[in-house]
Asker: 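What follows is a single structure, and I will ask about it in a moment.
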Amino acid sequence: MRKWRRTHYTDQLGPEMDGQEVVLTGWVRDIRDLGKICFMVLKDRRGTVQITAPKKVVGEELYEVISGLGRQYCVAVRGVVRAHPEAPGGFEVIPREVEVLSKARYPLPIDPTGRTPAELDVRLDARVLDLTRDEVRAIFIIQHEVLRAVREFLSKEGFVEVFTPKIIATATEGGAALFPVKYFDKEAYLAQSPQLYKEELTLSFERVFEIAPYFRAEESHTRRHLSEFVMIDVEAAFTDAEDVMEVLERLIRHVFKAVKEHCRKELALLGREDLEVPQVPFERLTYDEALELVRSEGFDVPWGEDFPTPALRALGAKKPGFYFITDWPTASKPFYIKPRDDRPELCEAFDLMHGWLELASGGTRINDKELLIRRLREQGLNPANFEHHLKTFDYGMPPHAGWAIGLARLMMVITGKQNIREVVLFPRDKFRLVP
RNA sequence: GCCCCGGUAGUUCAGCCCGGUCUAGAAUGUGCGGCUGUCGCCCGCACGACCCGGGUUCAAAUCCCGGCCGGGGCGCCA
């Protein structure tokens, strides 16, 4: 079907083009048939334009075609631009020929104009149609810019983008529940993190990053958890936690600047024109300081434990922007995090927070094999299950550090959306496997 | 997994507490008709729904129990 080649997007038209013939393609957003004149709003990915069909001008036959169109029909229109003071934007297109490329069947599951609102769950069931709305699509255009900016920044910082396996042999790290998959005649699992692989790769590339989906079979049923989610992972040789925290906060700043500069229209659609580029460095709060704050709010959290959600909310109320929580109790963090030399009950781990939302976590890693084995045992894990990983520590493993940030959580902060499902195209949780 | 709240046309909401007046109301949508400047067009007519199963009752959208699904919270989330 080559007959209809678009000559212009709707946002490339204007009253100064009066008299010019154009070919437009898109979807019928609205039809207003007044009897002897019919107005059709044509939408493409860049905007809308009014197609005006006066019966006397376009003739009986074409008038029937146009007034017979329905919302969300996919159409091509050949017509002439005409300046007209009463048309939106001061111009309209008088059609000469209209071809229906695809019809819509009614009833549509949601109103594509958004005038009759639908709940998120209903919208997700009809996600593809939901995405015809500019304000929904804006989220993902912003995400595209975020990813572009992340790659730009990390590349400039000397990081190499890599891919590590998403099908893995064993439940390497313990902890989070994994999804088992059949792998020929073996049982395998979907990766919950690239942690061990990215550490190993610092031995050769020194600085790597990976942007990929991960899978966790948790019971979590909250506004900020999904079973499948994209993480941006970074790992760097010859660095410690403080070094990579600086990379992280500068990255966040770079991303916010890029979004602010390149996604003005999309931010406006989401009511986020006021998005502020955060200043660096972000505030550093030690675990002990955070604990004290939380306790002063009346939460009885024992030393050594992670903060329960209500405590984090209280913390977020006091610290609404970006901040780090550092120097966590060693026992509260994974085995590969390096304990502090001076106080081994604490470790060189950090979390990046935005208000009460945990965005990223990272730290200095252990590069001493014997210590790593001891830490595995202390966490109740069997070193034999980490044979391949431990072997790489015999090849000159450099000291290294890194972090991982949840892409969707970052998108929640940028877009102001309160439910992670809003910022994921086709979210997966315990109760949703389709579409 | 636990707690609270909810499930009514395609969508969004009313009715439910206090069972009968519900042949279930509205908006939007869809269909048909009318209308030459609309832009959430307007006017008229029509179409379309009580989540599933069981129970109580003369009678259930309404009360009770179970299930499924949804919203929120918590837990889990190295």
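Throughout, protein chains are lettered first and strands after them, A, B, ... in sequence-line order, and every chain is numbered starting at 1. All figures in this text were calculated on a predicted structure; none of them were measured in a lab.
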Asker: Determine whether any donor atom in the side chain of A:Glu92 lies under 3.5 Å from an acceptor atom in the base of B:G37, or the reverse, and answer yes or no.
Answerer: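 Yes, a donor-acceptor pair under 3.5 Å.
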
Asker: Is there a donor and acceptor pair, one atom on the side chain of A:His84 and one on the base of B:G37, closer than 3.5 Å?
Answerer: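 Yes, the side chain and the base share a sub-3.5 Å donor-acceptor pair.
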
Asker: Indicate the ring-plane relationship of A:Phe335 and A:Phe386, choosing parallel, tilted or perpendicular according to the 30° and 60° boundaries.
Answerer: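 Because their plane-to-plane angle is over 60°, the rings of A:Phe335 and A:Phe386 count as perpendicular.
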
Asker: When the distance from CZ of A:Phe431 to P of B:G1 is rounded to whole Å, what number comes out?
Answerer: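 Interatomic distance, CZ of A:Phe431 to P of B:G1: 6 Å.
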
Asker: When you match A:Glu219 and A:Ile110 each to their closest nucleotide on RNA chain B, which lands nearer the 5' end?
Answerer: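 Its nearest nucleotide being more 5', the pick is A:Ile110.
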
Asker: Is any side-chain nitrogen or oxygen of A:Arg32 closer than 4.0 Å to OP1 or OP2 of B:G37?
Answerer: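 No, A:Arg32 has no side-chain N/O under 4.0 Å of OP1/OP2 on B:G37.
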
Asker: Does A:Arg223 put a side-chain nitrogen or oxygen below 4.0 Å from OP1 or OP2 of B:G73?
Answerer: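 Yes, within the criterion.
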
Asker: Please state whether the rings of A:Tyr287 and A:Trp303 are parallel, tilted or perpendicular, taking 30° and 60° as the class boundaries.
Answerer: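 Rings of A:Tyr287 and A:Trp303: perpendicular, as their planes differ by over 60°.
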
Asker: Tell me what A:Pro109 touches on the nucleic acid: a base, only sugar-phosphate, or nothing, going by heavy atoms under 4.0 Å.
Answerer: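 The answer is sugar-phosphate, as A:Pro109 gets under 4.0 Å only of primed atoms, P, OP1 or OP2.
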
Asker: Describe the nucleic acid contact of A:Thr222 in one word from base, sugar-phosphate, nothing, applying a heavy-atom distance below 4.0 Å.
Answerer: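 Base contact.
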
Asker: Reckon A:Arg409 touches a base, only the sugar-phosphate, or nothing at all at heavy-atom distances under 4.0 Å?
Answerer: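 Since no nucleic acid heavy atom lies under 4.0 Å of A:Arg409, the category is nothing.
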
Asker: A:Lys56 near the nucleic acid: base, sugar-phosphate alone, or nothing, with a heavy-atom cut-off under 4.0 Å?
Answerer: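 A:Lys56: base contact, heavy atoms under 4.0 Å.
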
Asker: Within the structure shown, what part of the strands sits under 4.0 Å from A:Gln418 by heavy-atom distance: base, sugar-phosphate, or nothing?
Answerer: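 If one applies the 4.0 Å heavy-atom cut-off, A:Gln418 turns out to touch nothing in the nucleic acid.
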
Asker: With distance as the sole criterion, do the side chain of A:Thr309 and the base of B:C74 form a donor-acceptor contact below 3.5 Å?
Answerer: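 Side chain to base: no pair present.
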
Asker: What's the closest nucleotide to the A:Ala87 side chain, out of B:G75, B:G37, B:U30?
Answerer: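 Per side-chain heavy atoms of A:Ala87, the pick is B:G37.
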
Asker: Base, sugar-phosphate, or nothing: which does A:Asp30 touch, judged by heavy atoms less than 4.0 Å apart?
Answerer: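 Here A:Asp30 touches the backbone only, sparing every base.
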
Asker: Pick base, sugar-phosphate or nothing for A:Val41, based on heavy-atom distances below 4.0 Å to the nucleic acid.
Answerer: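 Result for A:Val41 = nothing.
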
Asker: Taking 4.0 Å as the cut-off, does a side-chain nitrogen or oxygen of A:Arg105 come that near to OP1 or OP2 on B:G10?
Answerer: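 No.
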
Asker: Report yes if a side-chain nitrogen or oxygen of A:Arg115 is closer than 4.0 Å to either non-bridging phosphate oxygen (OP1 or OP2) of B:G40; otherwise report no.
Answerer: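 Checking B:G40 against A:Arg115, no side-chain N or O comes under 4.0 Å of OP1 or OP2.
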
Asker: Hey, which of these two, A:Gln379 or A:Ile37, hits RNA chain B nearer its 5' end, going by closest nucleotide?
Answerer: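 That would be A:Ile37.
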
Asker: Does a side-chain N-to-carboxylate-O contact under 4.0 Å join A:Asp121 and A:Arg432?
Answerer: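 Yes, A:Asp121 and A:Arg432 are salt-bridged.
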
Asker: Is any N or O donor-acceptor pair between the side chain of A:Arg224 and the base of B:G72 shorter than 3.5 Å?
Answerer: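 Between B:G72 and A:Arg224, which were checked side chain against base, a qualifying N/O pair under 3.5 Å is absent.
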
